[in-house]
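These notes concern the structure reproduced below.
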Amino acid sequence: MSRATQQPSQSVSGQPEGLIGTSARRPDGRLKVTGEFAYGSDLWMDDMIWGVTLRSPHPYAKIKSVSIGAALATGGVYAVLTAQDVPGDNAYGLEHADQPVLASGVVRYAGEPVALVAADHPEVARRAAGKIVVEYEPLDPVTDPVAALDPAAPRLHPGGNLVRHLKIRKGDPEPAAEVVVTGCYQVGMQDQAFLGPEAGLAVPDGNGGVDLYVSTQWLHVDQKQVCAALGLRPEQVRLTLAGVGGAFGGREDLSMHVHACLLALHTGKPVKMVYSREESFFGHVHRHPALISYEHGAGRDGKLVYVKAVIHLDGGAYASSTSAVVGNAGTMGAGPYVVPSVRIDVYGVYTNNPPCGAMRGFGSVQAAFGYEAQMDKLAAALGLDPVQFRCLNAMEMGSSGPTGQVIDSPAPVAELLRRVERMPLPAAGSGGSGGSAGSGGDLRQLPGGVGNTTHGEGVVRGVGYAVGYKNVGFSEGYDDYSTARVRLENVAGEPVVSVHTAAAEVGQGLVTIEQQICRTELGVGQVVVVPKDTGVGSAGSTSASRQTYVTGGAVKHACELVRERLFTLVRLRLELPGAELVLADNLVWLRTGDDGAGAGPAGLIGDFLGDEVIEETVQWRHRKTWPVDPQTGQGFAHVQYAFAAHRAVVDVDLELGLVKVVALDCAQDVGKALNPQAVVGQIQGGSAQGLGLAVMEEIQVRDGMIKNPSFTDYLIPTILDVPPMRIDVLEYQDPHAPYGVRGVGEPPTISSGPAIVAALRAATGLELNRVPVRPHDITGT
Amino acid sequence: MMEFLRARTWQEALAAKAERRDALPIAGGTDVMVELNFDRRRPAALLDLSPVPELRGWHQADGWLAVGAGVTYAELTGERGQAERRELGRRLRGLAIAARTVGSPQIRNRGTIGGNLGSASPAGDCHPSLLAARAEVEVASVRGSRRIGIDDFFTGVKRSALAPDELIAAVWIRPPSGPEQFAKIGTRNAMVIAVAAFALALDPERGLVGTGIGSAAPTPVRALAAESFLAGAIGDAGLWESRRPLPEPVMSEFAALVSAAARPIDDVRGTAGYRRHALGVLARRTLGWAWRDYCEEAR
Ligand SMILES: Cc1cc2nc3c(=O)[nH]c(=O)nc-3n(C[C@H](O)[C@H](O)[C@H](O)COP(=O)(O)OP(=O)(O)OC[C@H]3O[C@@H](n4cnc5c(N)ncnc54)[C@H](O)[C@@H]3O)c2cc1C
């Protein structure tokens, strides 16, 4: 990895600590490693009571009646609430307020909240919930996202079953090409599978308001929805971030937020709610399953001529962020390639399946399984090497995408592919070596692992490539901003910076980045990250790979304003109105003049500061985007694109259909690695999550019912499933972004899965048009 | 309220179980605690067997090995324990391979063979090897003790022949005189419940073949027709003595008979068709490994 080192402190002291560009330590690292970090599920107040949720067992049913008498009469129960107890709007949602806080009259998915109970013990609350009698009249659920669009299908919402139809039309509407390939692909429902379940504690303030401590991704959008549901003003509903054990998009929507507040306001007591692992599968949205069909045309010269696609995304019972997921699947549905003619239709649909919404990669993941499979098919039809073919058509700076938007910062698509292609391949597998278990080869390196299913028999190797891209930040004209408050003061004689944002730390390390930026901009070593709450303005969501860019930008800008005010103080004191100053290592430095005269330390920051407290609060926005044209999908919709490429090497047991991913190497452009170790961590984690979707992770839904709501049967990769990874981090700075950064978290999740499936196809010769690829898809049995 | 009873000796344990038939025994707790946490079970009392010294070890008698119910997977694999315990894994090869496929290191450190039998799950990973080795389960109560042939132990899905006042004391195994194998399919490479599992034991001294199938029928089962076919084919051709390669048609027929012995279903972990197919593949492969080991022993 190559990084510029221009920090003044490096030239003056040689010992920079925790500045940007270094792998500074996380402030919460020690607590997390030692198990002392308090997650949402650890929240505690001595006089708190417990809330539980009664959920619908039916995917679609009318509610005829709800009888709460027996539940309410249970000893230890404080409250039993139903839809009629919701004082404000009984409807919320990120994009459309279509989801009831508590179901009223109808339930639209299995797991929908119907009633709440608060009791002095969670067990008592659960038993009481079991005594609530709900009389349902089950209806035939709508579970097929294509059939849902049939005018004859039951209308699940007043506006019908279509959430959004995005049309992209570019170039020749009737293109013809010498080589044409088509394919239909299917993506299963993936879960975020965060380890810390939904949890929060609502504390009534005695004046009709409430404080909510909750694990979430966006405090302010929660606050807005909670206020609407409770009929309260924002100053009456204060949110503080509780420790978040992973998010990946699954905490963008409300879960227990309103429920806990309702119970707290009703009982006058602090109410804690924590979902069990099983309930968690019903308590958050999942990744949209997709049905995808593509037609690609190319010339004999290997150049793409056109792409046509139709994508159906099953949004389930409520809209959540379906519209935006549709936006991504469409606007990036042609992949990071130059295609003169594009015709894409994406439909986001309501069904009675579990609600789907945000998950890492957000629409781009689904599309990439389709377009990357197509690229391999086309390469084969043209007799070209898959990497060569991709490079021939790769986007670069100056290319125009399917929306007509010109890529105006580095887009090193071909270089990323070439880099993974050039990485050394892993040593040949143990295929054919034989020998009984333990008597030689390491089973852990073989498909089937310690299950001892092969000693090399049936095992073949395959190599596959994929590249993907995604927008960073909120798109299509969204007013996407963050707020930062930075304060500089002396504490016990030492200068201390405090940085206050509402940006949710969900494990990605934004708290570290905030410290690094403050240290770099203000030259002060001690930086305190103030707890995240709604006491400061919105930071926007911790999603769309955007926080380092947007909240990082806000913190940087606030620091710059604080620094200017400090410089004014210093110049006054030094009586050098024109002095050029630099901050580093707790010192104010006079910048070296051309002749070197007058350069050197001017004094301690703390001494200049004295009793002054310098505080600045700023709102910071990335550059504007615009909605796409509703008829053509053309427009400047995205603020930034991020790219990653993978090469996967797999060993497959052809007879048993078992898979060992042997290597999963990645090259990604991150613009500027503010914290190189955190960047690599994101790439490893993102790649592993893509691997999960490719070969094992799926919420199995039959007739609207989740069949595997547990970690026993919803399998996520273990250490024996995730190979060591070679990671190449490129730093082509984006001139539009603070420090040149480019979002990091999502791109690796997009290309890793398609690369693995490509490798599986190479090994097996099968079409494998559905992910996750299951053993019986390979054996055909 | 749930009572917690702790037995310090085997006699105490039997007395407690006689008095409190509603007490649920708990050994490693890796099944019991999950059931309690998921609220699938609400026993009136727990009877903790983990301190009982009599359950912890193993010994030999009359050519049999008696493995205490409290012996853990880690002790079977030799990951944990004294040299003496690693010896156990060397003598019970099939069980040791099976134990290595169980859960994670944490589960292998806690989970016991007695607990696996107590749960009597069709997916229990000890069971196929115990079936293949024609093991016997020693159970006891204040009324006395008895040995149940492994074939009679599993009576239904998660049901066993254990009487309400009985506890499992030990598993008795006469180590087969030839190689043993075990293979388990899961959809990830560790920490996974078996989609299908197969165990094989060759006993040249007695001219016997043993098999066990897991996760492909309501209970763990033997593939009896496959056993007698293979034992017959080997015996008739004098292959126990000659140690010559097994003829291809014999391998194929054995695999087909193992497949046919399964009564699998479709569920979230796999399809019935895949399970049947996979068992055939495992049967063939494990037989290949075991037979090769048998031939190489002689050299
Ligand atoms: C994460 C995880 C992974 C797992 N992976 C596997 C796996 O790969 N393969 C597998 O087979 N299992 C697996 N299991 C299940 C479990 O670990 C095994 O079944 C284990 O053998 C249970 O042993 P234990 O000592 O923990 O039993 P416990 O949980 O203590 O008891 C299990 C049952 O046996 C009864 N019991 C225990 N001892 C006696 C006795 N002496 N007499 C009478 N009854 C008794 C108990 O009452 C209970 O019904 C897994 C469990 C977990 C939590």
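Throughout, protein chains are lettered first and strands after them, A, B, ... in sequence-line order, and every chain is numbered starting at 1. Owing to the predicted nature of the structure, the values given are computational and were not obtained by experimental measurement.
For A:Pro447, the part lying under 4.5 angstrom from a heavy atom of chain B is the backbone only. Only the side chain of A:Gln700 has a heavy atom closer than 4.5 Å to any heavy atom of chain B. Residue B:Val34 does not touch chain A at all, counting heavy-atom pairs closer than 4.5 Å. For A:Ile716, the parts lying under 4.5 angstrom from a heavy atom of chain B are both the backbone and the side chain. Interface remark: A:Leu658 contributes side-chain atoms only to the contact with chain B (heavy atom separation under 4.5 Å). Proximity to chain B (any heavy atom under 4.5 Å) is restricted, for A:Asp653, to the side chain, taken from C-beta onward. With a threshold of 4.5 angstrom between heavy atoms, A:Arg444 approaches chain B through side-chain atoms but not through N, CA, C or O. For B:Ile185, the parts sitting under 4.5 Å from any heavy atom of chain A are the backbone and the side chain alike.
Across B:Thr187 and A:Met696, no two heavy atoms sit closer than the pair O-CB, 4.1 Å. Closest heavy-atom contact between A:Thr453 and B:Lys184: CG2-O, 3.1 Å. Heavy atoms only, all atoms of each residue included: B:Tyr274 and A:Thr779 are closest at CD1-OG1, 3.6 Å. In this structure, B:Asn189 and A:Val659 approach most closely via the heavy-atom pair ND2-O, 3.2 Å.
The residues A:Glu123 and B:Arg42 are annotated as salt-bridged, a charged nitrogen and a carboxylate oxygen being separated by less than 4.0 angstrom. Ion pairing between a basic and an acidic side chain is recognised when a charged N comes within 4.0 Å of a carboxylate O; A:Glu457 and B:Arg284 show no such pairing. Salt-bridge annotation for B:Asp39 and A:Arg127: absent, with no side-chain N of the basic residue lying under 4.0 Å from a carboxylate O of the acidic one.
Sparse packing is recorded around CZ of B:Arg263, with 12 or fewer heavy atoms of other residues, nucleotides or ligands lying under 6.0 Å away. Remark: A:Arg277 CZ is packed, more than 12 non-hydrogen atoms of other residues, nucleotides or ligands lying under 6.0 Å away. Within 6.0 Å of the CG atom in A:Asp42, the count of heavy atoms belonging to other residues, nucleotides or ligands exceeds 12.
For the pair A:Thr712/B:Arg269, a side-chain contact is recorded, criterion being any heavy-atom separation below 4.5 Å from C-beta on. Counting only heavy atoms from C-beta outward, the side chains of B:Phe38 and A:Glu278 never approach each other to under 4.5 Å.
Distance alone, capped at 3.5 Å, places no donor-acceptor pair between the B:His277 side chain and the A:His776 backbone. Using modelled atom types, no side-chain atom of B:Arg188 and backbone atom of A:Asp721 make a donor-acceptor pair closer than 3.5 Å.
For the set B:Ala98, B:Ala183, B:Ala272, B:Ala96, the count of heavy-atom pairs under 4.5 angstrom toward chain A peaks at B:Ala183. With respect to chain B, the highest number of heavy-atom pairs below 4.5 Å among A:Ser276, A:Gly449, A:Ser710 belongs to A:Gly449.
For the atom pair CG (A:Leu720) and OG (B:Ser104), the distance works out to 11.0 Å, reported to the nearest 0.5 Å. One finds the CG atom of A:Asp713 at 6.0 Å from the CD1 atom of B:Ile193 (value rounded to the nearest 0.5 Å).
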Requested in this report: May I have the step-by-step check of side-chain contact (heavy atoms from CB on, under 4.5 Å) for A:Thr781 and B:Arg276, ending in yes or no?
Outcome: CA-CA 9 Å; A:Thr781 49; B:Arg276 233 180 241 292; over 6 Å; no
